[in-house]
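First the proteins, then the strands, lettered A, B, ... as listed; each starts at 1.
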Amino acid sequence: GQQVMQIPQYQHVQEGEDFTTYCNSSTTLSNIQWYKQRPGGHPVFLIQLVKSGEVKKQKRLTFQFGEAKKNSSLHITATQTTDVGTYFCAGLRTYKYIFGTGTRLKVLA
Amino acid sequence: DGGITQSPKYLFRKEGQNVTLSCEQNLNHDAMYWYRQDPGQGLRLIYYSQIVNDFQKGDIAEGYSVSREKKESFPLTVTSAQKNPTAFYLCASSPPGGRGRYEQYFGPGTRLTVT
């Protein structure tokens, strides 16, 4: 079936270190979205990428959509304790979003 | 949060009982979604609705039912046929038009425990 995998599943970093999570789909996606879920909370939308090869930045966060529209990445520069949470990608196929398995980030102060 | 409310936050039920989870939004969104999240896992789509009086099965619809009689409301019933109902249930909505190409706004979720 349709799958969107994310790696790594967990990542522990020291505050100030960089962090990257990768999202890979078995099929081409119309677009890809990224969400952040704080512990005990609900997913909150971060960004949407639509075009092949698109790169977008939000302060310390950089998002990229692959040329084949099958993969994406989220990179955080100089992590802070407020970055703690689980990051999900969600790929759109027809009207349905296929969520990735998520990467849980812990930042050690 | 974001104009989407889910109630209750925690729900406990005995095995064999049907239970209905509430989801209400005042964002004037056409599309609404129900997801299930199990510990350490991603979100899996149960049902979605693009418009009033119409809904579609997601990837794990067995044992669940929904209705969409009003634009603002999309209740989910977890039936006794659902084999592993204990989970965190999230409702979401997205703006009109665009065929699902807009961001989803999530409610705070309902944590259901069935014993």
Heavy-atom distances under 4.5 Å only: say whether [X] touches chain A with side chain, backbone, both or neither.
{"X": "B:Q41", "result": "backbone"}
{"X": "B:L43", "result": "both"}
{"X": "B:Q37", "result": "side chain"}

* Can A:R104 and A:Y87 be counted as having a side-chain donor-acceptor contact under 3.5 angstrom? -> no

* Asked: For residues A:W34 and A:S72, is any side-chain donor paired with an opposing acceptor at under 3.5 Å?
  ->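 Per modelled atom types, A:W34 and A:S72 side chains form a pair under 3.5 Å.
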
* To do: Find the one option among A:G41, A:G102, A:P43 whose heavy-atom pairs under 4.5 Å with chain B are most numerous.
  =>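 The answer is A:P43.
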
* Asked: Looking at OG1 of A:T79 and CD of A:E15, how far apart are the two atoms once the value is rounded to the nearest 0.5 Å?
  ->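 Answer for the OG1-CD pair, A:T79 versus A:E15, is 6.5 Å.
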
* Asked: Can you say whether A:Q6 sits under 4.5 Å from chain B via the side chain, the backbone, both, or neither, judging by heavy atoms?
  ->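 Neither; nothing under 4.5 Å.
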
* Asked: So, B:D30 and B:K71, do they make that salt bridge, N to O below 4.0 Å?
  -> yes

* Give a yes/no verdict on a cation-pi contact between B:R111 and B:F88, requiring under 6.0 Å between NZ or CZ and the six-membered ring centre and an angle within 45° of the axis. =>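 Checked: cation-pi criterion met.
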
